[in-house]
Every structure is written in C-alpha cells, then in structure tokens.
Chemist: 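If you scroll down you'll find the structure; I have some questions about it.
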Amino acid sequence: MRARALLIVLLLWGVAACSDPPKPPEPPARVVGYFTNWGVYARDFQVRDLDTSGAARRLTHLVYAFGKLTGGRCAAGDGWADFQKPIGAPDSVDGVADQPSDPLRGNFGQLRKLKAKYPGLKVIWSFGGWTGSAGFADAARDPAAFAASCRALLADARWAGVFDGVDVDWEYPNACGLRCDTSGPDALAKVLGALRTALGRDALVTAAIPADIGKLAAADYPAAARSADWLSAMTYDYFGTGTGTAAVTQQTAAHSPLEAYPGIPRAAATTSATVDEMLRRGIPASKLLLGIGFYGRGWTGVTGTEPGAPATGPANGRWEKGMEDYAVLARRCPPTGTAGGTAYAHCGTEWWSYDTPATIKAKMAYASSRSLGGAFAWELSGDTPTAELLGAVADGL
C-alpha cells in the first residue's frame, strides 16, 4: 500500500511539474490623488480632511503638489504651508495641536501623522506644475545634479521618511505650455533616469504627461516610462474657456470626454484617443494612469442645452473664471445630460462640463478594459466631504 501511495504522489507531482507555472497575480490598481499646498489657505482643505472624508483609506498614493525648481534644483514650494505653519487641534490628523517647539509643523507634519494612521499609504512629492515648469530646462542640462538635490531634499532631517519618491510635472518637455521648451525629445527620460539612479529601485519615480497628441510626439515618453513607476496622463482640459491648460473655445464643449461625440471641436481630443496613441507609441499599459478632473469647466451667455452652443465667455468660479469644484457644481448646477462619456449641465445661462461618480465608474471600467495601471485625481479638494468622486475611482477599479 505504501508503494502504491508513493507512486500516486510521484505521478501527481509529475503532472504538476509538466503543467504551466501559475501566472503571477496582477498588481492592484493604483488609486492616486493630488493634494495641493495652496489648498490649505482660502480653500481650507487640510490634510485632516483626507482622513475625515474617507479619502485616505481609498488612496494607494498621495501626490503632494508642488515643490519648485530653483536653478534646476529641487526646493520646497511654500515653506510656511509645507512645514512651518502651526496646525491647531481641530485641523490635526490626531487631534493634537502643533507646539512652537515641534521641529516639524505644517502639511508635512500632518502627512507624517496621516501615514502613521494609514501605514500602506505612499506619499510622493511633485515638482513643477503649470506655472512652475520653467526650471526643468535647467534640470535637463544637468539631470544628475537635479536628482541629487531631490534626494537631499527628501532626506532632510525635519521630514525624512514622509516622502516615498518624486513626481515630475513638467508642462511640457520639448513643447509649449505656459512657456515653450526646447530641451529635446530625450530630456524627460534623462531626468527620470537620473532620479531612478539617485533615489534607488525602492523609491517611487513618476511623471505627469500631456493628453494632447501633438505634445506626445514631442518627447520620447516610452523611454521615460522605462525609469518610471508610472506616467499620469492628464486626460482632462481638452476644451475650456482659456484659463489654465484648457484649449479655448467660444462654444460649449465637454472638457474631459472619454470618446468623441457629435459636434466635438476636435475628434481626437478624447481620453480614448489619447490612450490609444500612448499605447501605440509603446508606453506599457500597466505604467499608464488615467487622469480625472475633480472640477468642471464652464461658459456663460449660453442658451443652448447641448454641447456646441455659442457662449459669451467663461462662467464665474470661486477661485478662477471658467472653473469650479465638483462639490459646488453638483449642488449649484446638477447634470442635465452626458456627452462622450462625461456629464454636462445647463442651468440658467451657464453651461458646465464635469465628471460625476457615474461617469467616473464608466471611465474606470474603460481603464480596466485596457489593462491600465490605475487612475489619478486632480485634485482632491474638489471632491465632496464624503469623497464621492474618489470612492467612484476606487470602486470602479
């Protein structure tokens, strides 16, 4: 009987040995959100709000925006908000007020407390942004020195351990944003490669990249992806009223459509067209994150309900003309229709385009169908007090 049992075991082992090895499990989708240092002022959006809203438990990664570049080197963007401002007990993650003797205060001190409460949460320091990208031209001339400065900044004794890596928000390498850049198509790849070398394999190195297909042709993004953990595709602001990065239109248009719709000003200005182009160029799907704007773009002087109606100018927003947070629009101007997989709202003489929990879940289903690495939100202060939009991102993935 023993011999027979041993023979059966050996036969079963042989079958298992000859079969294909099990495939490794797919890495969990990344749920990423940007937190801006200026949000703690007029917006009164504090690090603690990430905890009380439920956002912190849904996020896998938090990106802190922005650090700045001075002479091609990494530097803090706002010392007062970042690490000096005393945080009172009501705004503190653990309910304990900062003391004058505390070596670290401000957002960085609260981020340390948030990470202690959510040990799985990774925090990345982002540098650049729409108004802060000029310094990348200097960084690209000496990537090693740039990367060394970032490493030193992350290791500053006052906040060592708070940040798990660096995000490069260069708008845009070898193309025009607020200013035009001529650093060359390989500049971003060199910058990210230097960061990877300086920070090591365990650190996070990421970058935000444009959704505009023309700008995608200006730089070697597949080469950049080789050094990056992921690239965040800014698949929003395809159309707007001329503020920030949005393309100017005198007619209403969905600012972040998933797909083309009848009357769209440019058929290729969609999330799906952007993703198709990025994958065609060779960016691995697993290293590509889909961008979701937590705000709307709006026009005024509008009488037509559907997209494409004439407008007289940008609608009023609390912080910027032609732009408003989702949390405000959901109450003030709720959706009246959808176009291209995103929502729009016509109320009075105003017309707004923005994503809702329903359209976000559909976009996440699309991201999963393309095997993308996850999604990110710009930016978290636009969400509701219960983080409805971020919840839709996490649930949808």
Chemist: Does some side-chain heavy atom of Q110 sit less than 4.5 Å from a side-chain heavy atom of L114?
Modeler: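 They are not in side-chain contact.
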Chemist: Is the shortest distance from a Lys or Arg side-chain nitrogen in D138 or R73 to a carboxylate oxygen in the other one below 4.0 Å?
Modeler: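 R73 and D138: not salt-bridged.
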Chemist: If I take atom CG from residue L50 and atom NZ from residue K117, how far apart are they, to the nearest 0.5 angstrom?
Modeler: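 If I round to the nearest 0.5 Å, the distance is 11.5 Å.
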Chemist: Which heavy atom of A254 sits nearest to which heavy atom of S353, and what is that distance?
Modeler: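 A254 and S353 have their closest heavy atoms at CA-OG, 3.2 Å.
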Chemist: Of R201, K287, R196, R30, which meets salt bridge (charged side-chain N to carboxylate O under 4.0 Å, His left out) against D229?
Modeler: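 Looking at R201, K287, R196, R30, the match for D229 under the salt bridge (charged side-chain N to carboxylate O under 4.0 Å, His left out) is R196.
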Chemist: Please give me the minimum heavy-atom distance between L59 and L62, naming the atom from each residue.
Modeler: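 Heavy atoms of L59 and L62 come nearest at CD1-CD1, 4.0 Å.
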Chemist: State whether a side-chain donor-acceptor pair under 3.5 Å links D355 with T342.
Modeler: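 D355 vs T342: donor-acceptor pair found between side chains.
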Chemist: Tell me if the NZ atom of K190 is crowded by more than 12 foreign heavy atoms within 6.0 Å.
Modeler: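 Atom NZ in K190 is not packed in, count stays at 12 or less.
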Chemist: Validate the cation-pi geometry between R281 and Y221: distance from NZ or CZ to the six-membered ring centre under 6.0 Å, angle to the ring axis within 45°.
Modeler: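 That pair does not qualify as a cation-pi contact.
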Chemist: Tell me which donor-acceptor pairs under 3.5 Å the side chains of residues 327-340 have, and how far apart each pair is, sequence neighbours excluded?
Modeler:
residue : atom : partner : partner atom : Å
R331    : NH1  : A327    : O            : 2.9
R332    : NH2  : E350    : OE1          : 2.9
T336    : OG1  : H346    : N            : 3.1

Chemist: Just to verify, which of D82, T36, D167 counts as forming a side chain to side chain donor-acceptor pair (under 3.5 Å) with Y64?
Modeler: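 With Y64 as partner, side chain to side chain donor-acceptor pair (under 3.5 Å) holds for just one option, D82.
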Chemist: So do the side chains of F376 and V63 get within less than 4.5 Å of each other, counting heavy atoms only?
Modeler: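 With C-beta onward as the side chain, the pair stays apart.
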Chemist: Is it the case that the side chains of D169 and Y34 hold a donor-acceptor pair, with the cut-off being a distance below 3.5 Å and no angle test?
Modeler: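 Note: Y34 and D169 side chains miss the donor-acceptor criterion.
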Chemist: Hydrogens and angles aside, do T241 and K321 bring a side-chain donor and acceptor to less than 3.5 Å of each other?
Modeler: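 Their side chains do not contain a donor-acceptor pair, so the 3.5 Å distance test is not met.
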Chemist: Over 60° means perpendicular and under 30° means parallel, so tell me whether W170 and F136 are parallel, tilted or perpendicular.
Modeler: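 Parallel: the ring planes of W170 and F136 meet at under 30°.
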Chemist: In Å, rounded to the nearest 0.5 Å, how long is the span from OG1 of T206 to CG of L289?
Modeler: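 With rounding to 0.5 Å, OG1 (T206) is 9.0 Å from CG (L289).
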Chemist: Do the side chains of K113 and V96 get nearer than 4.5 Å, heavy atoms only?
Modeler: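 Yes. Closest side-chain heavy atoms under 4.5 Å.
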Chemist: Are a donor atom and an acceptor atom from the side chains of Y366 and T271 found within less than 3.5 Å of each other?
Modeler: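 Judged by distance alone, the side chains do not pair up.
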Chemist: Can you tell which of D49, D325, D383 makes a salt bridge (charged side-chain N to carboxylate O under 4.0 Å, His left out) with R43?
Modeler: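 The option that passes is D325.
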Chemist: Does this structure show an ion pair linking K85 with D98, if we count only N-O contacts that are shorter than 4.0 Å?
Modeler: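 No salt bridge links K85 with D98.
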Chemist: Applying ring pair (Phe, Tyr, Trp, His ring centres under 6.0 Å), name anything that partners F66, two or more places apart in sequence or on another chain.
Modeler: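 F66 satisfies ring pair (Phe, Tyr, Trp, His ring centres under 6.0 Å) with W378 only.
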Chemist: Testing F239, Y295, Y354 one by one against H255 for a ring pair (Phe, Tyr, Trp, His ring centres under 6.0 Å), which residue passes?
Modeler: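 Exactly one candidate clears the test, Y295.
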Chemist: Is there a side-chain contact between T235 and S256 in this structure, where contact means two heavy atoms from C-beta onward sitting under 4.5 Å apart?
Modeler: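 SC-SC contact between T235 and S256 ruled out.
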Chemist: Minimum heavy-atom separation for A267 to T270, with atom names?
Modeler: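 Nearest pair, atom of A267 first, then T270: O-CG2, 3.6 Å.
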Chemist: For the pair F163 and W125, name the ring-plane relationship: parallel under 30°, tilted 30 to 60°, perpendicular over 60°.
Modeler: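 F163 vs W125 ring planes: parallel.
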Chemist: Assess, by modelled atom type and distance only, whether the side chains of Q99 and S101 contain a donor and an acceptor separated by less than 3.5 Å.
Modeler: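 No, no side-chain donor-acceptor pair sits under 3.5 Å.
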Chemist: Any chance you could measure T182, atom OG1, to N174, atom CG, to the nearest 0.5 Å?
Modeler: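 Between atom OG1 of T182 and atom CG of N174 there are 7.0 Å.
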Chemist: Might you confirm whether atom CG of D44 has over 12 heavy atoms from other residues, nucleotides or ligands at distances under 6.0 Å?
Modeler: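 Atom CG in D44 is crowded, with more than 12 foreign heavy atoms closer than 6.0 Å.
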